[in-house]
Amino acid sequence: MTGCLSAGCSSREAQHDTGTLAAEHSIPLTTVEFAGHRYVARVDVGLGETVPLMIHGNSRMFLSLTHAIGAKVNGAPVRATERYGYSSKGRGSLRVARVRLGGATFPEIPPVPVFDFTENGDTTVQGMLGVPFLVAARAAVDFSRDRLLLGVAERAE
């Protein structure tokens, strides 16, 4: 799935047995308590290490990051451009070259919002993957196995 962001991608090079859905990648999810039970995946946003991102099924953002992670990616604090979120740091934006998740690489990331969920920024999740990411990745959550499936077939085969 490397380099594939369109909903029409169809490579099957690394198909995983996911029970009922064929998928190119199957990523383990953990559940955390964060204003309710949330699924979290470990994602590389260009730091060479993974960070915990919430899988957010009703966020309009492709990807968002907290100020702590945004500063690491940016090499400096991310400047606030508006009041937003749950902290006085507000909301800024930065560019992320690519996202890597479970063997899949997603380049050409839209501008990434940066904001905190709490005033001190100390939370179990350090951002989120939203609906635009989930659609582009042709993702599905396998609730019975706590897995995020990427590259799910558009039609049953």
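Just so you know, residue 1 is the first one in the sequence shown, and it goes up from there. Remember, it's a predicted structure, so these values are computed and weren't measured experimentally.
Looking only at side-chain heavy atoms (C-beta outward), Leu53 and Val45 come within less than 4.5 Å of each other. Side-chain contact between Pro111 and Ser93: present, with at least one pair of heavy atoms (C-beta onward) separated by less than 4.5 Å. Contact annotation: the side chain of Thr31 never approaches that of Val40 to less than 4.5 Å [non-hydrogen atoms, C-beta and beyond].
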Go through the steps to decide whether Asp116 and Thr118 satisfy the test side chain to side chain donor-acceptor pair (under 3.5 Å), and finish with yes or no. CA-CA 6 Å; Asp116 288 331; Thr118 63; over 6 Å; no
For the pair Ser26 and Arg147, evaluate side chain to side chain donor-acceptor pair (under 3.5 Å) and give the outcome as yes or no after the intermediate values. CA-CA 6 Å; Ser26 176; Arg147 308 288 293 185; 2.8 Å; yes
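By the rule that hydrophobic residues join a cluster once side-chain heavy atoms approach within less than 4.5 Å of another member, Val125 and Leu94 end up as members of separate clusters. Residues Ile55 and Ile109 share a hydrophobic cluster, clusters being chains of Ile/Leu/Val/Met/Phe/Trp/Tyr side chains in contact below 4.5 Å. By the criterion of side-chain heavy atoms lying less than 4.5 angstrom apart, applied directly or through intervening Ile, Leu, Val, Met, Phe, Trp or Tyr residues, Leu29 is not grouped with Phe34; the two fall into different hydrophobic clusters. Follow the hydrophobic side-chain contacts under 4.5 Å out from Val43 and you reach Leu148 in the same cluster. Under the 4.5 Å side-chain contact rule for hydrophobic residues, Phe133 and Phe115 do not share a cluster.
The aromatic rings of Tyr39 and Phe143 lie tilted to each other, with the angle between the two planes from 30° to 60°.
Nearest heavy-atom pair across Arg42 and Pro52 is NH1-CD, 3.6 Å. The shortest heavy-atom contact between Thr105 and Arg100 is OG1-CG, 3.6 Å.
Interatomic distance, Leu101 CG to Leu150 CG, rounded to the nearest 0.5 Å: 5.0 Å. Rounded to the nearest 0.5 Å, atoms OG1 (Thr124) and CD (Glu33) are 8.5 Å apart.
Listed by chain and residue number, nothing satisfies the salt bridge (charged side-chain N to carboxylate O under 4.0 Å, His left out) test with Arg38 (two or more places apart in sequence, or in another chain).
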Donor-acceptor list for residues 58-78 side chains, cut-off 3.5 Å, not counting sequence neighbours:
from, atom 1, to, atom 2, distance (Å)
Asn58, OD1, His56, ND1, 2.7
Ser59, OG, Met61, N, 3.1
Ser64, OG, Met128, N, 3.4
Thr66, OG1, Gln126, OE1, 2.7
His67, NE2, Gly90, O, 2.9
Asn74, ND2, Ala76, O, 3.2

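A side-chain donor-acceptor contact under 3.5 Å links Thr81 to the backbone of Arg91. At distances below 3.5 Å, at least one donor-acceptor pair connects side-chain atoms of Arg138 with backbone N or O atoms of Val152. Side-chain atoms of Glu119 come within 3.5 Å of backbone atoms of Ser88 as a donor-acceptor pair (strictly under, hydrogens ignored).
The ring of Tyr86 has its center no closer than 6.0 angstrom to the ring center of Tyr84.
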